[in-house]
Structures are given as C-alpha cells and as structure tokens.
2 protein chains.
Amino acid sequence: MESRYAKINVSVDNVIFGWDGEHLNILLIEQKRAPKNVHLSPRLAIPGDLVLVEEGLDDAANRILKELTKLEGIYLRQFEAFGDPSRVKEEKDQDWLKAFREDPDAHVITVAYFSLVRMDLVNPEASSFASNTLWVEMHNIPDLAFDHNRIIDKALRRLRQNVEQKSIGFELLPEKFTLTQIQSLYEAILDKKLDKRNFRKSIKKLDTIIPLNEKQVGVTHKPGQLFEYKPS
Amino acid sequence: MESRYAKINVSVDNVIFGWDGEHLNILLIEQKRAPKNVHLSPRLAIPGDLVLVEEGLDDAANRILKELTKLEGIYLRQFEAFGDPSRVKEEKDQDWLKAFREDPDAHVITVAYFSLVRMDLVNPEASSFASNTLWVEMHNIPDLAFDHNRIIDKALRRLRQNVEQKSIGFELLPEKFTLTQIQSLYEAILDKKLDKRNFRKSIKKLDTIIPLNEKQVGVTHKPGQLFEYKPS
DNA sequence: ACAAAAGTGTTGGAGATACACCCATGA
DNA sequence: TCATGGGTGTATCTCCAACACTTTTGT
C-alpha cells in the first residue's frame, strides 16, 4: 500500500516584491550553507522552506516572510503549485540537495506565493534558511536555484494582471502618497508608460483611494495632494 | 534535521465538469471501500489520488482523469492548492483515513484541478480509487468528503471567470455546434440568462469559433448554422 | 397553419484613449 | 527666473446593454 506513493517534500516559496519609490525589486537569499565541513559556493534563490508539521500553507508562507522581514499582516497571495519532478533534478542543484536534504532524491513540490512589501520598512535578515539576503532589481535577476526564475516569471504575470485591474499594489506605497507616486509604481510593475491624465481619472474613481487635506512638504516643485489607501 | 518537517501526503483532486447539452454536472466518486473486513459506508468525493513516485502534478491529474474516463488530451487546469492541516481532520473523515492511509494523521495537501469533458464521450468507470462513479447536477451536490464542497466552489468560480472572458468552455461542445448551443452552455455555467443578439455578436468576434458551410439537420425548426472550435 | 428555434440592427451610455498647456514651489 | 513635477478637459472611439420582429423548417 505504500510504495506506489511518492515520498514528497512540500515547500513554500515566496516571491517578495519590494518597492523603493523607483524600482521594483525582488528579495533573494543565499541559501544556507551546508553544515560543517561540506563546502558549497552560495546559491541565490527566492526565499522558501519546507512546510512544518501541522503547518498550513498560508502559515508557512507567512512564517518565511516574517523570519526575513519581521513583518506580519503583509499582502500575500498563493498563485501556483509547481510539481514537475524534474524541477529539482538539474545538475546545478544536486550538491545543495545532498548537503541539506534528508532525502535528496525526493520529489519536491512547491507552492508559490507572492507578497508585496515596502522596502523602507524592512531590513531583511538572515534566517534559518538564508545565510544572507539581498534586494535585486527586477530587470537584473541572475540565474537562480531550481526553477526559481520561472516561478518569478509567473509571479510577475499574476502581479501584472492584478495591477491592471487596480485591485492590488497600493500595499507598496507609504501611508500617504501622491498620484504621481502610484503612477510610477504602476509603470514599473507593468513596464510601460501610462498617460497622466487618464491614469488620474481612473484612480480617482476608486473608493479605496481617499484624498487627504494635505500636501507634500519639502519638495522642490509644486507640492502634490496626498492620498491614502483604505483596503475595502 | 528531520523532525521539524511534516510528513506530508500530496494528493491531486480533480473537479470534472461535464455537459450534456442541458445541465452542468460534476463527476463524483464513491471512495473505494476499505479492504477486507473493515466496514465503511460509502462516501462521496471528487476524484483524486495521492501523487505517485516521480509523477508530476499535471501527470497525476491526467492519470486520474484517464482512469475514470479513458480520455486523454482533455482540458485540465490547476487552480489552487489546499493545505490547511484541519482540512482532513473532521470527524466524518477519520474512519476512512484510518482504513486507507498508511499514516492517517498525516497532513494532506491537495492540488486541485478542474477539467471539462463532454458527457456523451464518457462512460465513467470504477478505478483504483473509486468503487463507483456518478454525474451529479451542479445544483444538487451533496455533502462530500473532506473539504471537497469548498474545492468545487472555488473551481466553479474560476470556471466562471474564464467563461466570462470567453477563453474556455468550447471544450464541452460537440465538434459542430450552433450558436444557441454555446449560449445554453454559458447560461448554465454562469447561471443566468444572456441576451441572444449581444451574445452572438460577441461570439462572432472570436477567431477561435469558425463558421462552417453546414446547417443542422433533422431538427423540427429552422436549422441553425454550424460552427467549430479551433483552439488558438 | 402552427410550433419551434434561427437570425438580425439600432440606440444610448460608459469607459478607454489621445493629446498640450498653465501652476506652485524651492533653489 | 528657472527647473521640476503638479494639475487639468475635451473629442473620439470602442464596448456593452437594452430591446422585437421576421424567417425557415418539420409536422
């Protein structure tokens, strides 16, 4: 009764998008080095970890995010499970698996999430699964472990879909922001220019974006009106 | 190094939508009875099985579909992974788990798919995981095992989204069909009436639906023009 | 002739796109 | 006064929703 079924490791990987006001970034980690005497050159990856005993998928995703960023209550969304057995079989991945996993040949499926964080609120730290962390600009993502480049690609697609419908994205802005700041963010995510007047019209229709009686201060040009985001 | 990580069973469950020209149905199974002397009353569920050794998720979903229907190359789409540990902990599910699973307390995550099949092409059969099968009309789904009612609900939502964008659904129709047949299908899926003239306008804009030089035969009314679906 | 479904066009409103100039502030 | 980004309106087009009658076939 047992042997037909796969011994499967389930992990959760998290594509963490960060915004610094100018560029869209992704949080990468250096996968933890092997214990003791095993020497491995560091490998870049998106943050992820195996799911723990009695831990739900959403819980695991939140745990990973919190370990790295200390943040809770962040926008987080499951978008796809990746389970092709070959996703973990490339030669580049073997050494790492042998050094780390109880059963290096095990089939690993991963449930992928993406989340949105303000880079100014975060100072990512090493964690149980990461020896080091770094923000990398969207257009400069290097080759990563396993199929992580593909996962990022899918995450970005999903993010764009949601942004086109203006249903998410505001999580990346400061509490108070101008319309131009939203527009820059959207342009970075969608990777195209948008028309200012039309964009402003469409944003002002949303009742989740509410105008404040305040203006920017300390800028070297006409100060913009400030808005805030109230999740519906 | 091992004990923090969960021993996880990964299953794939498949919400199989069937269309008979009139109603939208879902294929349910009676979960296989326990071996030998264990007596269990049959439980209804959506088809699913644990993932096998070296089997991809899509492969598992296709296998389940093929075992039940003998069909291959059917429309099949992953839509969500369900992994809350409590999804398998309800009392109603315990007897079955104890009789069947090596480790009844294991955490089970399931990756859910939905697929679209023409009921006239299928005579579902019992299989390694199903002692019996039945089509049940969408509005009459009974209480099912685990969280399967919820999974169906999510599948239907996703199906509706796709249908509203007219990106899928034609897989459910015969090779040659009339515009009215598509409309009936869409009305059943969306559970609402659509305007005939507007619907026809929108369908005729799609270049995946191509008009044939043929008409219905043997009907007791003005015969309709036939169309076929060419996936893009 | 009747029953049954096929087939067909127009109008009005909403939303998207394209497009160019003046304004307020700090340096 | 200059540089920088803030702020604004109109015309056009496309897409969607509402709506009713005539046509073709089999019985």
Side-chain angles (χ1 to χ4, degrees), chain A residues 19-23 160-167 169-170 173-174 176-229, chain B residues 19-23 160-167 169 173-174 176-228:
Chain A
W19 174 248
D20 59 8
E22 273 191 281
H23 297 291
R160 284 180 175 157
Q161 277 177 20
N162 289 319
V163 160
E164 273 169 2
Q165 298 160 201
K166 306 208 171 48
S167 54
F170 312 109
L173 298 167
K176 300 175 180 183
F177 49 82
T178 65
L179 295 179
T180 302
Q181 284 175 304
I182 311 184
Q183 187 173 346
S184 308
L185 170 63
Y186 272 46
E187 289 179 341
I189 292 174
L190 300 175
D191 202 22
K192 66 178 181 200
K193 284 269 160 226
L194 301 173
D195 179 84
K196 184 161 58 154
R197 283 177 285 192
N198 294 334
F199 184 78
R200 292 163 98 93
K201 258 180 283 183
S202 72
I203 290 296
K204 286 180 176 164
K205 255 188 298 222
L206 303 177
D207 51 11
T208 49
I209 302 295
I210 59 180
L212 303 174
N213 281 329
E214 280 182 75
K215 300 189 166 194
Q216 270 180 315
V217 288
V219 290
T220 172
H221 55 267
K222 174 170 174 179
Q225 187 182 6
L226 293 171
F227 292 77
E228 67 181 5
Y229 171 58
Chain B
W19 174 247
D20 59 9
E22 274 189 282
H23 298 290
R160 283 180 176 158
Q161 277 177 20
N162 288 320
V163 159
E164 272 168 3
Q165 297 160 205
K166 307 211 170 45
S167 55
L173 297 167
K176 299 173 181 182
F177 49 82
T178 64
L179 295 180
T180 303
Q181 285 175 304
I182 312 183
Q183 186 173 347
S184 307
L185 169 62
Y186 273 45
E187 288 178 342
I189 292 174
L190 300 175
D191 202 22
K192 66 178 179 197
K193 284 271 159 221
L194 301 172
D195 178 85
K196 185 160 59 154
R197 283 175 287 190
N198 294 335
F199 184 78
R200 292 161 100 93
K201 257 179 283 183
S202 72
I203 290 296
K204 284 178 176 165
K205 255 188 298 223
L206 303 176
D207 51 10
T208 49
I209 301 295
I210 59 180
L212 303 174
N213 280 329
E214 279 183 76
K215 298 187 167 196
Q216 270 180 314
V217 288
V219 289
T220 171
H221 56 266
K222 175 169 173 179
Q225 188 183 4
L226 293 172
F227 291 77
E228 68 181 4

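Naming: A, B, ... by sequence-line order, numbering from 1 per chain. All values below come from the heavy atoms of this structure, side chains included, with hydrogens, waters and symmetry mates left out.
- Here the side chains of Thr208(A) and Lys166(A) are not in contact, with every heavy-atom distance at 4.5 Å or above.
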What does nucleotides 10-21 of chain D look like as a protein-contact string, B for base, S for sugar-phosphate only, - for none, at under 4.0 angstrom between heavy atoms?
B------BBBB-
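- For the ring-ring contact (aromatic ring centres under 6.0 Å, His included) test, no residue two or more places apart in sequence or in another chain qualifies with Phe177(B).
- When side chains are defined from C-beta on, Gln181(B) counts as touching Thr178(B), because their heavy atoms get closer than 4.5 Å.
- Lys205(B) pairs by the side-chain contact (heavy atoms from CB on, under 4.5 Å) definition with nothing, not counting sequence neighbours.
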Could you tabulate the donor-acceptor pairs under 3.5 Å formed by side-chain atoms of residues 216-228 of chain A, not counting sequence neighbours?
{"from": "Gln216(A)", "atom 1": "OE1", "to": "Gly224(A)", "atom 2": "N", "distance (Å)": "2.9"}
{"from": "Gln225(A)", "atom 1": "NE2", "to": "Leu212(A)", "atom 2": "O", "distance (Å)": "3.0"}

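- By the side-chain hydrogen bond (donor to acceptor under 3.5 Å, both in side chains) test, Asp20(A) pairs with no residue at all, sequence neighbours left out.
- Near DNA chain C, defined here as any heavy-atom distance below 4.0 Å, there are no residues from residues 179-191 of chain A.
- A nucleotide of DNA chain C counts as in contact with chain B when one of its atoms lies under 4.0 Å from a heavy atom; the first and last such, 5' to 3', are dA4(C) to dT10(C).
- Across all their heavy atoms, Gln183(A) and Asp195(A) have their closest contact at NE2-C, 4.0 Å.
- Applying the side-chain hydrogen bond (donor to acceptor under 3.5 Å, both in side chains) test to Asp191(B) and every residue at least two apart in sequence or in another chain returns nothing.
- For the segment residues 212-227 of chain B, the set of residues with a heavy atom within less than 4.0 Å of an atom of DNA chain C comprises His221(B), Lys222(B), Pro223(B), Gly224(B), Gln225(B), in numerical order.
- Applying the side-chain hydrogen bond (donor to acceptor under 3.5 Å, both in side chains) rule to Glu214(A) yields the partners Lys176(A); only residues at least two apart in sequence or on another chain are considered.
- Residue Ser184(A) comes nearest to Trp19(A) through the heavy atom pair O-CH2, 3.6 Å, listed as atom of the first residue, atom of the second, then distance.
- In this structure Lys201(A) satisfies the side-chain hydrogen bond (donor to acceptor under 3.5 Å, both in side chains) test together with Asn198(A), sequence neighbours excluded.
- Qualifying ring-ring contact (aromatic ring centres under 6.0 Å, His included) partners for Phe199(B), counting only residues two or more places apart in sequence or in other chains: Tyr186(B).
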